[in-house]
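Reckoned from all heavy atoms, side chains included, excluding hydrogens, waters and symmetry mates. Just so you know, these numbers come straight off a predicted model, no measurement behind them. Positions are given from 1, in the same order as the sequence printed here.
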Amino acid sequence: MEGLIQKAREAAWHANKGVPAVPEDTPDFTKPIPSDPQNEAAALSALLKKGASLDPRSRQELEVLCNTYCERTGAQRHDADDEAGPSGRAFPDDSKEADLHSWCTAQGLEARVFPATFGDGGLRGVQAKSDLRPGDVAVSLPTSCLISYKTARDSDLGNALQRIPGISEEALAVVWTMIDHTDPESPYAAYWRSLPACFGTALSTPTEILERCLKGTALLEEAQQARQHIREQYEALSPVLETLVRAYPQFISQECVAWENYLWAVEAWYAYAIQVQFHPSKQETCPCLAPFIGLINHSPWPHAVHFSAVDPKAHMLNVRCFRPCQAGKQFFISYGPLPNAKLLLFYGFCVPGNPYDVACINTKDLAAEVCAEGRKTLQGFEDEYRLSSKGSIPTHLMAAARAATMSPEELRVVQQQQQQQQQQQQGKTSKKRTLHKGGGTVAAAASLASGSDKKEAGQCLKQMMAPVGEANEKAALQLLSGIIGKKLSALPPAGSEQEASENAGGGFLAAAAQYIEGQRQLLQRALAECQRLIG
């Protein structure tokens with residue numbers, strides 16, 4: 001089993017490589033990857049799929065790994081082990097959640113979980129009816145319940161919209177959602193009623209609240225850009241929407257095509273759509289709204305991952321456990337390895353102690369603090385670097401800081417080191433070696449004779465992660481310390497966001513407070529690491 005789990009972890013890591021919050025450097029696959037609990041979840045899920053192909057001893061060892069997932073991945077340290085939390089309370093029979101459950105069941109839903117509320121705040125989720133073990137199917141949703149782009153395209157309204165030149169599938173689905181969710185006779189009326197009237201994300205929160213909550217954060221600019229993009233999309237569609245009102249006044253009112261309704265439809269797809277693979281022989285997936293599954297909350301330490309593939313024989317979308325869930329406890333899935341910024345932007349909540357949370361330092365942050373020659377060097381570097389919960393300084397960020405603070409003498413040292421490396425490589429093989437991903441020969445990348453060549457020096461330094469010299473190392477760390485300190489100072493004072501959220505009754509403000517506190521902790525850890533290294 002040891003070899004199997006290592007291979008499964010490695011495969012899962014490669015599948016998510018490049019995702020912002022997933023570790024960049026190749027980790028040790030002999031144990032769960034620190035701060036990446038979804039990797040372990042994906043590895044266990046992949047092994048469970050092998051099922052009968054495993055020998056009895058391997059199956060027994062796999063079950064032990066599944067049962068000890070929380071303690072091995074840090075869930076208990078973050079109070080995220082749901083087995084220690086309270087049991088849920090079922091919704092009354094006349095609730096919209098019970099109505100959705102009944103509608104899905106009539107379509108063929110098979111579920112060992114049911115809608116419930118948790119905690120004093122009445123958080124909506126699902127709880128297990130009975131004990132669930134690794135490999136058990138918690139939910140089987142028939143494909144007839146799924147709402148896809150094809151659902152919208154094949155509708156009467158979709159047939160009309162397809163005749164409009166240039167309309168995208170995404171835009172067609174959003175317009176169809178705007179109209180269909182206001183129709184009490186819609187086949188999906190029970191689902192539409194179950195969705196929130198207000199999603200409370202950073203996309204729809206009033207501007208004054210958004211700016212007050214997120215002041216001093218990178219998320220504020222990202223949210224403003226996303227909101228502007230959605231507004232521009234709506235304005236581009238306005239002629240189409242007005243035409244629909246004139247053509248079908250008995251079915252489509254002006255209220256149906258209002259901005260607020262458009263934004264609601266966009267948020268519904270952002271917050272509730274999952275990627276579904278309908279054909280096992282094809283790798284492509286498509287976004288779908290999945291009634292009932294949409295009730296299941298997210299956790300970095302979920303009970304189920306990788307539930308996007310449709311069973312081609314039963315035509316069911318199965319949510320299969322990889323770890324146990326006790327009867328009465330909340331059942332979780334994963335929306336992906338998402339930092340709190342993405343969760344707040346698109347879903348309207350944050351996860352305290354989120355192992356995937358990151359704070360970002362941009363190349364422009366470095367460039368603003370160095371001379372013109374240093375800015376030339378940075379032109380060869382990445383645009384963004386991520387500080388994670390590990391507290392260490394990312395190697396690529398450290399390399400950029402070294403490059404930005406190098407003196408002419410230090411540049412010559414780098415040139416000599418690179419030339420020596422080239423000579424050593426040529427002694428072993430006659431083949432020409434290039435730097436990482438074909439960035440040019442070592443000699444070309446290390447051509448540092450003049451200031452105009454400093455951009456090429458940057459390309460070279462991206463591959464050279466070792467310190468250049470004591471003076472440069474100290475200058476680089478001081479540069480990063482100053483940048484991190486400024487970002488910390490720009491955040492609201494500790495405690496002010498919590499007080500604001502309590503005064504406003506929670507909601508987006510409470511989630512924003514959690515995001516700010518997470519940013520503060522990430523920056524403080526990184527600053528402490530810089531100061532430790534400076535000595």
Side-chain angles (χ1 to χ4, degrees), residues 4 7-8 11-12 15-16 38 41-56 58-60 62-63 65-66 100-115 126 128-155 158 169 173 187-188 190-191 194 269 272-296 302-325 331-336:
L4 290 174
K7 290 180 180 179
N16 275 331
Q38 180 161 314
L44 294 173
S45 296
L47 292 177
L48 283 169
K49 287 183 179 179
K50 294 181 179 292
S53 65
L54 298 175
D55 60 75
S58 293
R59 287 199 297 269
Q60 186 177 14
L62 176 58
E63 186 171 1
L65 290 174
C66 292
L100 174 65
H101 193 185
S102 297
W103 176 75
C104 291
T105 301
Q107 300 292 316
L109 169 74
E110 298 175 7
R112 295 178 62 181
V113 297
F114 62 92
V126 301
K129 295 180 183 178
S130 58
D131 289 347
L132 295 170
R133 298 181 58 187
D136 287 347
V137 175
V139 177
S140 289
L141 183 72
T143 55
S144 59
C145 289
L146 296 174
I147 301 172
S148 65
Y149 286 176
K150 185 177 185 298
T151 306
R153 190 173 61 246
D154 291 347
S155 67
E169 278 201 317
Y188 306 101
Y191 175 61
S194 74
W269 280 92
Y272 284 89
I274 63 174
Q275 293 294 326
V276 175
Q277 181 184 2
F278 283 93
H279 305 287
S281 60
K282 300 179 180 179
Q283 292 301 313
E284 64 263 21
T285 61
C286 62
C288 291
L289 298 174
F292 194 82
I293 290 177
L295 294 174
I296 309 176
H303 294 95
V305 294
H306 294 181
F307 46 85
S308 62
V310 169
D311 183 332
K313 294 182 179 179
H315 303 289
M316 302 287 260
L317 190 62
N318 295 322
V319 180
R320 190 181 301 275
C321 305
F322 74 86
R323 71 175 178 99
C325 182
F331 179 87
F332 293 97
I333 59 175
S334 171
Y335 300 171

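Taking 4.5 Å as the limit, some side-chain heavy atom of Phe278 sits within range of a side-chain heavy atom of Cys286. Residues His101 and Phe292 have side chains in contact (heavy-atom distance under 4.5 Å, counting atoms from C-beta outward). By the 4.5 Å heavy-atom criterion applied to side chains, Pro324 and Arg133 are not counted as neighbours. Counting only heavy atoms from C-beta outward, the side chains of Leu132 and Val113 approach each other to under 4.5 Å. The closest side-chain heavy-atom distance from Leu4 to Leu62 is not below 4.5 Å. Contact of the Leu100 side chain with the Pro115 side chain is not registered, since no non-hydrogen atoms from C-beta on lie closer than 4.5 Å. Here the side chains of Arg320 and Ser45 are not in contact, with every heavy-atom distance at 4.5 Å or above. The closest side-chain heavy-atom distance from Val139 to Ile296 is below 4.5 Å.
The structure places OG of Ser130 at 8.0 Å from CG of Asp136, a figure rounded to the nearest 0.5 Å. To the nearest 0.5 Å, atom CG of residue Leu146 and atom CD of residue Gln107 are 11.0 Å apart. Distance check, rounded to the nearest 0.5 Å: CG of Leu295 to OH of Tyr191 gives 8.5 Å.
Across all their heavy atoms, Leu54 and Ser58 have their closest contact at CB-CB, 4.2 Å. Here the shortest heavy-atom pairing between Phe322 and Ala41 reads CZ-CB, 3.3 Å. Taking all atoms of both residues into account, the shortest heavy-atom contact from Pro291 to Cys104 is CB-SG, 3.9 Å. Scanning all heavy atoms of the two residues, the minimum distance from Met316 to Pro142 falls at SD-CA, 3.4 Å.
Shown here is Lys129, whose NZ atom has more than 12 heavy atoms of other residues, nucleotides or ligands within 6.0 Å. With a 6.0 Å radius and a threshold of 12 heavy atoms from other residues, nucleotides or ligands, Gln275 has its CD atom above the threshold.
Taking the six-membered ring where the residue is Trp, Phe331 and His303 present parallel rings, their angle staying beneath 30° rather than reaching 60°.
No option in Ile333, Thr285, Leu317, Leu289 other than Leu317 meets the side-chain contact (heavy atoms from CB on, under 4.5 Å) test with Ile274.
With hydrogens and angles disregarded, a donor-acceptor distance shorter than 3.5 Å links the side chain of Thr151 to the backbone of Ser148.
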